[in-house]
4 protein chains.
Amino acid sequence: MGIHERKQREKEMRRKQIMEAAKKVFSAKGFNRATMEEIAGEAELSPGTIYLYFKNKEELHTSLSIDLLGYITSLMKKIINIKSIDAEEKMKKLKETFIDVYEYDSMVLINLFHLQSGETLQNLSEEVLERLKETSANAVSAITSIVKEGIDNGIFVEKHPVALADIIWATYSGVVLWVDSKRLLNNEKDFVRQTLETAFEIMLNGFKVKE
Amino acid sequence: MGIHERKQREKEMRRKQIMEAAKKVFSAKGFNRATMEEIAGEAELSPGTIYLYFKNKEELHTSLSIDLLGYITSLMKKIINIKSIDAEEKMKKLKETFIDVYEYDSMVLINLFHLQSGETLQNLSEEVLERLKETSANAVSAITSIVKEGIDNGIFVEKHPVALADIIWATYSGVVLWVDSKRLLNNEKDFVRQTLETAFEIMLNGFKVKE
Amino acid sequence: MGIHERKQREKEMRRKQIMEAAKKVFSAKGFNRATMEEIAGEAELSPGTIYLYFKNKEELHTSLSIDLLGYITSLMKKIINIKSIDAEEKMKKLKETFIDVYEYDSMVLINLFHLQSGETLQNLSEEVLERLKETSANAVSAITSIVKEGIDNGIFVEKHPVALADIIWATYSGVVLWVDSKRLLNNEKDFVRQTLETAFEIMLNGFKVKE
Amino acid sequence: MGIHERKQREKEMRRKQIMEAAKKVFSAKGFNRATMEEIAGEAELSPGTIYLYFKNKEELHTSLSIDLLGYITSLMKKIINIKSIDAEEKMKKLKETFIDVYEYDSMVLINLFHLQSGETLQNLSEEVLERLKETSANAVSAITSIVKEGIDNGIFVEKHPVALADIIWATYSGVVLWVDSKRLLNNEKDFVRQTLETAFEIMLNGFKVKE
DNA sequence: AATGAATGAGTTTTCATTCAT
DNA sequence: AATGAATGAAAACTCATTCAT
C-alpha cells in the first residue's frame, strides 16, 4: 500500500468519524438545533476541521442521507439479482429490507425523507445535489426493475413501472413519517413495522392482476 | 349585531389577514428563511401586532396547517354522510378530494406533512399541540369510518380500520412529498395528480376482497 | 360637597387603586419585569387609563416611594412634637418607627432605597424629581431636628446635625438592603429587625457624649 | 512558559479587557441603558466574542462586582494580619480602606451595592451566584474576625461578631448609596469621604465598652 | 492537517406608549 | 374618562463559517 493510498484511507476514516458524530447529534437535536460545535465535540475534533471534510452544515447533513440511500440501494440490487424467485417474492423481500433499514437506523431514515423539502434542496451545492439525484435515481431504478419484471411476467397490473416504483417509495416514506409523527403526538408505541407490513401487503395485493 | 360580536369578527378577520400573509411568505421562502418582519410587511401590519394574535413564529406556521387539516376533514365528513353510495365509491371520492386539496393549496399541504417532525412538534405550546392532535385525530377518524363501513359490508379485506386509515393518510402524504421532491430535484413536471390517482387505484384494488 | 370635589375625590381614589396594583406587581416582579399591562390587569383597568394618572412607568414607581417617604416623615414629625421626652428617647422612638415601617411594607421600602440610583433618577420628570427632593429633604430635616435637639442639650456629640441625620438614614437603608440581600443570597431568615435594633443601639451609644 | 500557559494568560487578558470596557460603559449609562454592542465596541471586539467569555450581560456586570469585592477582601485580610495593632486600630484602618476603595472606583462600588437586589440576583447562573456568595461571605468573615478580636479583648461591646460585621458593611453601603443619591438629587458636592469618616467614628464610639 | 478564537450578520421578541373610538 | 388594539424601536444573543497560527 503506497503512502498516497494510506492518506486516502485515513481521510475516508476521518469523514466517517465526523458523519458518525453528526448522526448522533442530528438525531438528538434535529437539524436546526444541532450545532457544528457540538458535532465537532462529539467527533473529538475542532469545528474548523469539519470544514476540511464538508463544505457546510447542510452538506454534512445531506451526506448522511446519501449514504443511507446508497446502502438501501445496494441491498435492493442484491434482491434484484436473485435468479430463483419471481417479482412477487422480490417485492416481499423488498418490504423486509425496508423494515430492516428502518429498524437499523430510524433517525437517519426519517431525516432522509425530510430531506424531500424545497427549503433544504435549495441550499445544497451543485455537486452534492448531483450525488443526491444520482443516488436517488439509482434507488428508484432498482425498485423499477423489480416492478418491470412483474409487469413483463404478467403478474402485476399494467401501469408504468416508474409510477409504481414511485408509489412504493412514497408509501415507504409516508408510513415512516406518519407513524413516527403519531408516536410523537400521541406517545403511541412505534407501529412502523406493523404498518409497513400491512401497507406493503395491501400494495402487493393491489399490484397483482386479478384472475 | 352587538358591539362585542363586531369586535370578535374583526379580530377573526385580522387573524385571517395575518395567516394569508404568512402563507405567501412561508410558501415563497420556507419556514426558516421567512422572517416575521416580512410577514408583517405583507400583512401591512407591524411585527408587534402579529404577536398579539400568534404566540410565535412556530405557532403561526402550525396554525396554517391546522386550518388546512380541519378543512380537509370537513370535506371528508361530507363524503361520509352521503347515503346513496358504498364504501368503494366513498374511497374514490376521497381520492378526488385529496387531489383537489393538493391543487388548491399545495404549499400549505406540503408544510402540513413536514410538520410531522420531532423538531417542529417539540417547540409548540401545549395548547396548539392539543389542537393539532385533535384535528389530526379527527382526520384519521373520518377516514377510519369509511374504511370501517367497507370492512363491515365485506367489500374491504379484514384489517384493522385504523391501520388502513393510517396507510391511506401515509400514502397521501408520502406521494405529495415524494413527487414534489422529484420535481425539485429533477425539474420534472408536477406528477402529483397522476401519481395520487394511481396510488389510490392500487390501494383500493389492494383493499378489496377477492372473489 | 360640590360636584367638583366629588370628581376630585374620585380621581384620587383611582390613583390609589392604581398604586395599590402597582405595588403588588412591582413587589412580585421587580421594576424591569413588571409590565404596565399586568399592573393594569391587577387594577382592573386598561393600560391606557394608567397613563391618564401617571406620566410613565418610572413615575408610577417613584410615586410609591414618595408616598411611603411622606408617610415615614409624618410619623417622625409626631415624634418630634412630643414635649415630654428628650432627644435620646426620641431616637429610640425613631428606631421603633423605622422597624414598624419595614415590617408594614418591606418591599416598597426596599424599592425606595433602590431608588437611590443614578439610572433611575436620570429618567424622572422635573416635577416628580422635585417632589422627591422635597419629600426626601423633609425626611432628613425631621431627623435633623431630633439630632439638633440632642446636640443643643449636650447629650449628643458635637457633629453637624445634618451629617448625623444622613448617617441615621444611610444606616437605615444600608441595613435594610444588606440584610435583605443576605436573605436572598443565603436563604437566611429575615434578620432586619434584630439588625436594626443593634445598629441603632450602637449608633445611639456612639452619638452620646461620654462622661 | 508552555504554550498552554500562554494561552491561558491571553484568555485572562481578554477577560480583563472586556471587563475594563464594560466598566466604562456601565458607569456611563447604567446597567439597563448600556448595550452589549457598545461594550463590544469599547473593547474593540465583536459582540459575539463577549459571549465567549461571559454568559450574558447580567453575568458580565456581576463579574465586575465580584472582582471588586474580592479586592476589598484582600485588602481587609492584610489589615487582619497586622500583629502590632489592636482591634480599634484595625477598625480605623478598615475605614481608611473603605474610603480608598470608594475613591478608587466609586461607580463599580455603587453597582456592587445595588447588586443587593432580588431582581438582579434571580437572573444569575448558579455558578456565578455561588462565586458571589463565597466572595461576599469572605468579606463579611474578614470584618467579623476584626470585630471578634475586639470583643475577645474586652474593647468592644458584647454583641455577636457577625451582627456587628453586618452593621459595618451595611453602614458602608448605606452611606455610599445615600450620599451618592443626595449628590444626584441636589447637585451637592461628593460628601462620601466625610460622611464615611463620621459614620465610622460614631460607630467605633458606639462599639466601645464604656468605663 | 488541525486548531479554535473571533467574527458579525441576522432575527425573534418584548413592551412602554399612543390615539382613534 | 376609558379603552385596548396597534405600534415599532430596540437589543440580546446565536452560531455557521473563517483564517491566522
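In what follows, every chain begins at residue 1, and chains take the letters A, B, ... in the order their sequences are listed.
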* Structure fact -> Here the distance between atom P of E:dT13 and atom NE2 of B:H61, to the nearest Å, is 14 Å
* Report the base-pairing partner of F:dG8 (Watson-Crick or G-U wobble, both distances below 3.5 angstrom), or none. => E:dC15
* To the nearest angstrom, how far is C:Q17 atom CD from F:dA1 atom P? -> 14 Å
* Could you state the atom-to-atom distance from NZ of C:K29 to P of E:dT14 in whole Å? => 13 Å
* Would you mind checking if D:E20 and D:K23 are paired as a salt bridge, meaning a charged N to carboxylate O distance below 4.0 Å? => yes
* Less than 4.0 Å between a side-chain N and a carboxylate O, is that true for B:K16 and B:D67? -> yes
* Asked: Ion pair present between D:E127 and D:K55, side-chain N to carboxylate O less than 4.0 angstrom?
  -> no
* Structure fact -> When both distances are under 3.5 Å in a Watson-Crick or G-U wobble arrangement, the nucleotide paired with E:dA1 is none
* To do: Could you pick out which residue, B:A34 or D:K11, lies toward the 5' side of DNA chain E when each is mapped onto its nearest nucleotide?
  => D:K11
* Please say whether more than 12 non-hydrogen atoms of neighbouring residues, nucleotides or ligands are located less than 6.0 Å from CD in B:E37. => no
* Separation of C:M36 atom CE from F:dT3 atom C1', in whole Å? -> 15 Å
* Which value, rounded to the nearest 0.5 Å, describes the distance between B:K133 atom NZ and A:S181 atom OG? -> 12.0 Å
* Starting from P on E:dT14, measure out to CZ on C:F31 and report it in whole angstrom. => 19 Å
* Would you say E:dA6 has OP1 or OP2 under 4.0 Å from some side-chain N or O of D:R14? -> yes
* Asked: F:dA5 P sits how many Å from B:I18 CD1, rounded?
  -> 13 Å
* Asked: In whole angstrom, what separates C:L60's CG from E:dT17's P?
  -> 10 Å
* To do: Measure from NZ or CZ of C:K57 to the centre of the six-membered ring of C:F31, then state whether that distance is under 6.0 Å and the direction lies within 45° of the axis.
  => yes
* **Sub-4.0 Å heavy-atom contacts from residues 37-58 of chain C onto DNA chain F, ordered by number** => C:L45, C:S46, C:P47, C:G48, C:T49, C:L52, C:Y53
* Asked: Between atom NZ in D:K7 and atom P in E:dA5, what is the gap in whole Å?
  -> 6 Å
* Asked: Judged by modelled atom types alone, do C:S65 and C:T62 share a side-chain donor-acceptor pair under 3.5 Å?
  -> no
